[in-house]
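First comes the structure, then the notes that go with it.
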Amino acid sequence: MTFRKLVEEAKKLLERAGVSNGKIVLSKNPNYGEATSPIAFDIAKRENLNPVEVAEKIVEKICGGRGRIIESVEALSGYINFKVDWRAYAEEILKTILSEREVYGSSSIGIGKKVIVEHTSVNPNKALHIGHARNVCIGDTLVRLFRFLGYDVLALNYIDDSGTQMADVILGITELGYSAEPPNGVRHDEYFGDVVYVEVSKRIEEDKQLEEKRRQIARMIEERDEKYYHLNRELVLKVLGDQLKTCWRLGASYDILNMESDIISYDIWREVFQKLVEIGAVYKAESGPKAGCWLLDLSKHPVLSKEGDEVLVKSDGSTTYVARDIAYAVWKLRGTSKDFKYRILTIDPWGREVLITDVNGEIEKNIGVPEYVLNVIDVRQKRPQEIIRYALGLLGLPSNRYIHYGYEVVAMSVRDAVKMGYTPEPKQEFVHMSGRRGLYVKVDTLLDMLKEKVSQEVLERHPDWSREKISDVSEKVAVGALRYCLIKPDVDKMIIVDTEEILKLEGDTGPYLQYSYARACRILEKADVDASTNPPPKLMEEEKKLLRRLAYFPTLLEEVGETLLIKTLANYAFNLASDFSKFYEEVPVLHTEEESLKRFRLAEVMAFKITLGNVLKILGIPLVEEM
RNA sequence: GGGCCCGUAGCUCAGCAUGGAUAGAGCAUCGGCCUUCUAAGCCGGGGGUCGGGGGUUCGAGUCCCCCCGGGCCCGCCA
């Protein structure tokens, strides 16, 4: 029995009173019972009656009816409140959780359905900064969520290996004397990103000739020039290898790495372009500033028509990024006869194969038709993403399945930027990160800082722990802290990271969740009797509060499965942990004299551990049994 | 100029999708709680024109319109 079933029971009672499809919600205040229906307000409005009287009449018709769990139904100021028999309800909740365990909260909605989630997609010329980390954490949480719901999920990472940013680095090596190998002990992603990319960018800004050279290099990479293409590919794979280490550290995994250069190689674009020409969706500009370009006709689009048509093929015949992305999107929706070949790049820390597209690859993979394609990309790309979606529609593909999962950017506090030598404007409140200008906080740097801070705390609490154990726990807590703070805020809100602030690990943070989990583990570990779902005659308020929250988990997941608002999971996790902390303070478990009561409370702790564990797994926050 | 997003306590945010009962957390601050299952915790106090104004409604932080303040996007870059 969960809240969901309580709702069903309440609905049946309403039906007895002739009310079909009555809305039932969780009562805001437990004094009003466990479930509430505001249906009387709707009926009263429709039929011009007094809601208070309507509610009373409905309750009369239910005539003292009760269900298996529902003990009484009351009308109060227009609301219909359902009160439960807590002994029965508590027992059902615990039985459900203890039997379903790691699948508690899941449902069968995803069985047999496919979902593609593309995330991370960082240019392979630099180390990940905290802005990228938001993308990784959101994307990976979506992957975990869909997997939990039973979907067959494909996690993709789009590698733009043929853009200007790669040309910057190649230019540095071939023309400006930078070594193609980092100094000893320095990672490739950090060397190319922190040193070569930043310094070359600066020189290009000052020297027009270098800009022209970069353009030539970009072109040669795209055209698979023997020397440049191979140098580039080699470099990309090295940087990518390091980037993946960071992503894995955050707990994110990928099934396929799609190289942009391969989208070009497989010529998916040509097929898509022909179709676009056939249906008259594109046209060639004969005159004006865009003469010679092929443009996508946006004149019928309600919003984009105001901003002019979009160039897909440049006057020199090369494709724009939007064109390549349309081709890629068509592939995701199975709208092309062409397909990639793959090879195994590596095995990730969880033992899964990571495939990478490769024209010479041996592996073929039919990815199937997805129910959804989610693209985790920050809000600045809203317009191009909408253009792609629109083009898919023109091509007759189900564009409603193509979802831009947008999120606001991560910025730095002025304080942090100043530490990096930035000079702020008078009233500036944050500083946008910029890879080109070297203004960013790297994920690994931040994680290392967090880990260092956490290990100090751990050492204080557990002076007897081994170095390995301290390191292991600290790493998990550091990752939990970062993931939580990047997932918790609404995606529409900018996050301004301040390294000093983020090191505070109290209150509404990842470690708080992990701590409450660890506390529950300790109780269970020390228990000398088995748990039992047989309830005592009376429950304490803290117990009811905890059980109420536990029962709501399946309903919450159902909602999140539809809204994709993953932050509500973070919110739930905090409230659940908070309920448990209060329970922990007020409700003795191991110190209970009466054995049957102790056994019941152990079941409550167990149910909490299972449920919080399930949420944390979805959020990618590592479980810590001791801290 | 056109489009999108944000504005809730001193600070950071939840609540807005699906309008409903006294607007909730965390941080900070002040005051309590460790011979009892981990104090990364718990309890209590103070702190609110929900940016402003109109409208819809029995009822608006939530929906609609206007305005103000802040951010972003509108390139033959990606």
Side-chain angles (χ1 to χ4, degrees), chain A residues 23 25 27-29 31-32 36 38 41 44-45 50-51 76-79 81 123 160 162-165 218 260 285 289-295 303-308 310-316 318 320-322 324-325 378-384 386 406 408-409 411 427 429-430 432 454 457-458 460-462 477 481 485 488-496 498 501 504-516 518-527 559 562-563 565 567-568 570-571 574-575 577-578 581-582 584-592 601 605 626-627:
Chain A
K23 190 168 83 174
V25 296
S27 299
K28 229 174 200 175
N29 185 328
N31 293 336
Y32 302 130
T36 292
F41 290 98
K45 184 173 211 164
N50 180 344
L76 184 64
S77 42
Y79 294 93
N81 295 328
N123 287 338
D160 180 5
S162 53
T164 321
Q165 298 203 9
E260 195 195 52
K290 291 178 181 172
C293 298
W294 283 88
L295 293 106
V303 179
L304 297 176
S305 54
K306 294 173 188 167
E307 294 177 0
E310 182 76 8
V311 175
L312 297 184
V313 181
K314 304 178 201 171
S315 56
D316 67 0
S318 62
T320 63
Y321 132 88
V322 173
R324 296 196 286 272
D325 239 17
D378 77 54
V379 283
R380 291 173 299 187
Q381 295 214 36
K382 189 166 184 165
R383 183 188 137 86
E386 175 55 23
E408 262 292 350
V409 296
K427 280 187 179 171
E429 284 174 342
F430 60 87
H432 282 298
V454 173
E457 299 270 336
V458 174
E460 243 172 67
R461 279 156 236 254
H462 309 281
V477 173
C485 83
K488 186 182 68 146
D490 196 287
V491 289
D492 286 332
K493 275 178 174 134
M494 194 195 288
I495 297 177
I496 300 166
D498 181 79
E501 283 299 314
K504 295 178 180 167
L505 303 173
E506 286 161 19
D508 189 3
T509 63
Y512 176 83
L513 308 179
Q514 292 168 314
Y515 182 69
S516 68
R519 281 172 135 189
C521 288
R522 299 294 288 181
I523 292 178
L524 296 172
E525 208 178 273
K526 291 180 181 173
E559 285 171 11
E562 286 167 20
T563 61
L565 290 172
K567 62 156 182 196
T568 54
N571 217 282
F574 175 71
N575 288 136
S578 174
S581 294
K582 286 164 192 167
Y584 187 92
E585 292 292 327
E586 298 299 325
V587 185
V589 180
L590 300 177
H591 299 281
T592 306
R601 288 179 175 169
V605 176
E626 263 183 291
M627 65 185 272

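Worth saying up front: this structure is predicted, and the values here are computed from it rather than measured. Every chain is numbered from 1 and lettered A, B, ... according to where its sequence line falls, protein lines coming before strand lines. Values reported hereafter were calculated over all heavy atoms of this structure, with side chains retained and with hydrogens, waters and symmetry mates removed.
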Quiz item: What interatomic distance, in whole Å, is found between C1' of B/G53 and the corresponding atom of B/C77?
Solution: 43 Å

Exercise. Provide the distance between the two C1' atoms, one in B/G19 and one in B/C63, to the nearest whole Å.
Key: 7 Å

Self-check item: OP1 or OP2 of B/A78 under 4.0 Å from side-chain N/O of A/R324
Solution: yes

Quiz item: Using a cut-off of 4.0 Å on non-hydrogen atoms, how would the nucleic acid contact of A/K45 be classed: base, sugar-phosphate, or nothing?
Solution: base

Practice problem: Check for a donor-acceptor pair, side chain of A/S162 on one end and backbone N or O of A/E260 on the other, with a separation under 3.5 Å. | Solution: no

Quiz prompt | Sugar-phosphate or base contact per nucleotide [nucleotides 36-47 of chain B; S, B, -; heavy atom under 4.0 Å] | solution = SBBSBBSS----

Quiz item: Can a side chain N or O of A/K28 be found less than 4.0 Å away from OP1 or OP2 on B/A21?
Solution: yes

Practice problem: Kindly indicate whether the side chain of A/S315 and the base of B/C76 share any N or O donor-acceptor pair separated by less than 3.5 Å? | Solution: yes

Self-check item: First of A/K504 and A/F430 reached from the 5' end of RNA chain B, by closest nucleotide
Solution: A/K504

Quiz item: RNA chain B in dot-bracket, Watson-Crick or G-U pairs under 3.5 Å, [ ] crossing, | other strand?
Solution: (((((((..((((......[...)))).(((((.......))))).....(((((..]....))))))))))))....

Quiz item: Please give, in whole Å, the distance from B/A23 P to A/N29 CG?
Solution: 12 Å

Quiz item: Which part of the nucleic acid, if any, lies within contact of A/P51, taking any heavy atom under 4.0 Å across all strands shown: a base, the sugar-phosphate backbone alone, or nothing?
Solution: nothing

Exercise. Return yes if the base of B/A21 and the side-chain atoms of A/N31 contain a donor-acceptor N/O pair under 3.5 Å, otherwise no.
Key: no

Self-check item: Passing candidate, side-chain contact (heavy atoms from CB on, under 4.5 Å) with A/E310, options A/V322, A/L295, A/T320
Solution: A/V322

Exercise. List the steps, then state whether side-chain hydrogen bond (donor to acceptor under 3.5 Å, both in side chains) holds for A/S581 with A/Y512.
Key: CA-CA 10 Å; A/S581 294; A/Y512 176 83; 3.2 Å; yes

Practice problem: Quick one: list whatever passes ring pair (Phe, Tyr, Trp, His ring centres under 6.0 Å) with A/Y515, sequence neighbours left out. | Solution: none

Quiz item: Per the atom types in the model, does the base of B/G3 pair as donor or acceptor with the side chain of A/E307 at under 3.5 Å?
Solution: no

Practice problem: Could you please name the option among B/C4, B/C77, B/U22 that lies closest to any side-chain atom of A/Y32? | Solution: B/U22

Exercise. Please work out if A/K290 contacts a base, only the sugar-phosphate, or nothing of the nucleic acid, heavy-atom cut-off 4.0 Å.
Key: base

Quiz item: Could you give the CZ-to-C1' distance, from A/R383 to B/C5, as a whole number of Å?
Solution: 17 Å

Exercise. Determine yes or no for a side-chain-to-main-chain donor-acceptor pair under 3.5 angstrom, with A/T563 supplying the side chain and A/E559 the backbone.
Key: yes

Practice problem: Taking all non-hydrogen atoms of both residues into account, name the closest pair between A/A44 and A/N50 and its distance. | Solution: CB-C, 4.0 Å

Quiz prompt | Rounded distance in Å - CG (A/D498) to C1' (B/G26) | solution = 16 Å

Self-check item: Between C1' of B/A25 and CG of A/N571, the distance in whole Å
Solution: 9 Å

Quiz item: Measuring from A/T568:OG1 to A/N575:CG, what's the distance to the nearest 0.5 Å?
Solution: 11.0 Å

Exercise. Quickly work out the A/I496 CD1 to B/C72 P distance and round it to whole Å.
Key: 11 Å

Quiz item: What distance, rounded to whole Å, do you find between the two C1' atoms, one in B/A25 and one in B/G15?
Solution: 10 Å

Quiz prompt | Euclidean distance for P, B/G31 against B/C68 (whole angstrom) | solution = 46 Å

Exercise. Calculate, to the nearest 0.5 Å, the distance between atoms NE2 and CD belonging to A/H462 and A/E626 respectively.
Key: 6.5 Å

Quiz prompt | Rounded distance in Å between the C1' positions of B/G10 and B/G47 | solution = 8 Å

Self-check item: Base of B/A21 paired with side chain of A/T36 (donor-acceptor, under 3.5 Å)
Solution: yes

Quiz item: Out of curiosity, A/T509 OG1 to A/F574 CZ, how far, rounded to the nearest 0.5 Å?
Solution: 8.5 Å

Exercise. With sequence neighbours excluded, tell me which residues meet side-chain contact (heavy atoms from CB on, under 4.5 Å) with A/D492.
Key: A/D490

List, with names and distances, any nitrogen or oxygen atoms from the protein found under 3.5 Å away from nitrogen or oxygen atoms belonging to nucleotides 6-12 of chain B.
{"unit_1": "B/G7", "atom_1": "OP1", "unit_2": "A/K493", "atom_2": "NZ", "d": "3.1"}

Exercise. Taking atom P in both B/G52 and B/U62, compute the distance separating them and give it to the nearest angstrom.
Key: 10 Å

Exercise. Sticking with atom C1', work out how far B/C65 lies from B/A60, rounded to a whole angstrom.
Key: 15 Å

Quiz prompt | A/R522 and A/E525 ion-paired at < 4.0 Å | solution = yes

Quiz item: Can you check the A/E310 CD to B/C74 C1' distance for me, whole Å?
Solution: 9 Å

Exercise. Just call it for A/F574: base, sugar-phosphate, or nothing, with non-hydrogen atoms closer than 4.0 Å on any strand.
Key: sugar-phosphate

Practice problem: Write down the distance between CD (A/E408) and C1' (B/C13), rounded to a whole number of angstrom. | Solution: 15 Å

Self-check item: Counterpart residues, side-chain contact (heavy atoms from CB on, under 4.5 Å), relative to A/N31 (two or more places apart)
Solution: A/N29

Quiz item: Under a 4.0 Å N-O cut-off, is there an ion pair linking A/R461 with A/E457?
Solution: yes

Quiz item: Can a salt bridge be assigned to the pair A/R380 and A/D378 using a cut-off of 4.0 Å between side-chain N and carboxylate O?
Solution: yes

Exercise. Using the closest heavy atom to pick a nucleotide of RNA chain B for each, name whichever of A/L76 or A/Q165 lands nearer the 5' end.
Key: A/L76

Quiz item: What's the OH-C1' distance between A/Y321 and B/C74, to the nearest Å?
Solution: 14 Å

